[in-house]
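Sequence lines set the chain letters: A, B, ... in the order given, protein chains first and strands last, and positions in each chain run from 1.
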Amino acid sequence: TQLLEQSPQFLSIQEGENLTVYCNSSSVFSSLQWYRQEPGEGPVLLVTVVTGGEVKKLKRLTFQFGDARKDSSLHITAAQPGDTGLYLCAGEDMRFGAGTRLTVKP
Amino acid sequence: EAQVTQNPRYLITVTGKKLTVTCSQNMNHEYMSWYRQDPGLGLRQIYYSMNVEVTDKGDVPEGYKVSRKEKRNFPLILESPSPNQTSLYFCASSLKGSGPYEQYFGPGTRLTVT
């Protein structure tokens, strides 16, 4: 089993601030996914990264896959209250990290 | 509309009373799985199925059973529920079981065992 560790576990920031959350492992992944889960709903896929060093952008969200394909980061620029949620990373084995719970205050 | 459905959405039951949570997908996906979500522990995989009649244990299978007799359905069975199975349960499906394939999740079933 490839274990994924996410940090920080909780993050509370003001609207307009920037933030980065991390997903780390000692294992090499062929792909990593980021999901966002809002209260009362199932997770929804944000992005899949497959190439070491890859950077993908989704509006104000920037995802990076580490060169060694053991870690990934999610950077949010100018966070908004609508970004509030639980951010989860998952490997190609369909297993998830414990998540980062983000709260963006107006 | 492509979706994963689960029923019931909420269930309160007593210890030892058998229950089934249904899951169905309409996307002709080969892979289906069940997760439970507990505070601070993220999503933990209970069972998964790579295709019809093929099921396998995930990380926390104790106390659960599954079956995959049809491609679209993947019910989760608790033969004798216990309070430690109180949790939020999600069913998910994906085109394939390994690789960069998106998992589509159901809306969740909140189970309370007293």
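Heavy atoms closer than 4.5 Å to chain B are found in the side chain of A/Gln9, but not in its backbone. Only the side chain of A/Leu88 comes within contact range of chain B, with heavy atoms under 4.5 Å apart. Of the two parts of B/Pro107, only the backbone, made up of N, CA, C and O, holds a non-hydrogen atom closer than 4.5 Å to a non-hydrogen atom of chain A. For chain A, the nearby parts of B/Leu43 are the backbone and the side chain; heavy atoms of each come within less than 4.5 Å. Proximity to chain A is absent for every atom of B/Arg110, based on heavy atoms less than 4.5 angstrom apart. Looking at B/Tyr31, only its side chain comes within 4.5 Å of chain A, counting heavy atoms on both sides. Only the side chain of A/Leu86 has a heavy atom closer than 4.5 Å to any heavy atom of chain B.
A/Leu11 and A/Ile76 end up in the same hydrophobic cluster when Ile, Leu, Val, Met, Phe, Trp and Tyr side chains are linked at under 4.5 Å. When the side chains of ILVMFWY residues are joined at heavy-atom separations under 4.5 Å, either directly or via intervening members, A/Leu102 and A/Leu45 end up in two distinct hydrophobic clusters. The cluster map of Ile, Leu, Val, Met, Phe, Trp and Tyr, joined by side-chain heavy atoms under 4.5 Å apart, puts B/Tyr104 and B/Tyr35 in different clusters. Hydrophobic clustering, with ILVMFWY side chains joined whenever heavy atoms are under 4.5 angstrom apart, keeps B/Val4 apart from A/Leu46. Both B/Leu19 and B/Tyr64 are part of a single hydrophobic cluster, where members link through side-chain heavy atoms under 4.5 Å apart.
Taking CD of A/Glu41 as the start and CZ of B/Phe90 as the end, the distance is 9.0 Å to the nearest 0.5 Å.
Side chains of B/Gln37 and A/Gln37: a donor on one and an acceptor on the other come within 3.5 Å.
Other residues, nucleotides and ligands contribute at most 12 non-hydrogen atoms within 6.0 Å of the CD1 atom of B/Ile12. The number of heavy-atom neighbours closer than 6.0 Å to CD of A/Glu5, taken from other residues, nucleotides and ligands shown, is 12 or below.
Across A/Met94 and B/Ser94, no two heavy atoms sit closer than the pair CE-OG, 3.7 Å. Of all non-hydrogen atoms in B/Pro100 and A/Thr48, the two that sit nearest each other are CB-CG2, 3.7 Å.
Judged by distance alone, the side chain of A/Tyr35 and the main-chain N or O of B/Gln103 form a donor-acceptor pair under 3.5 Å.
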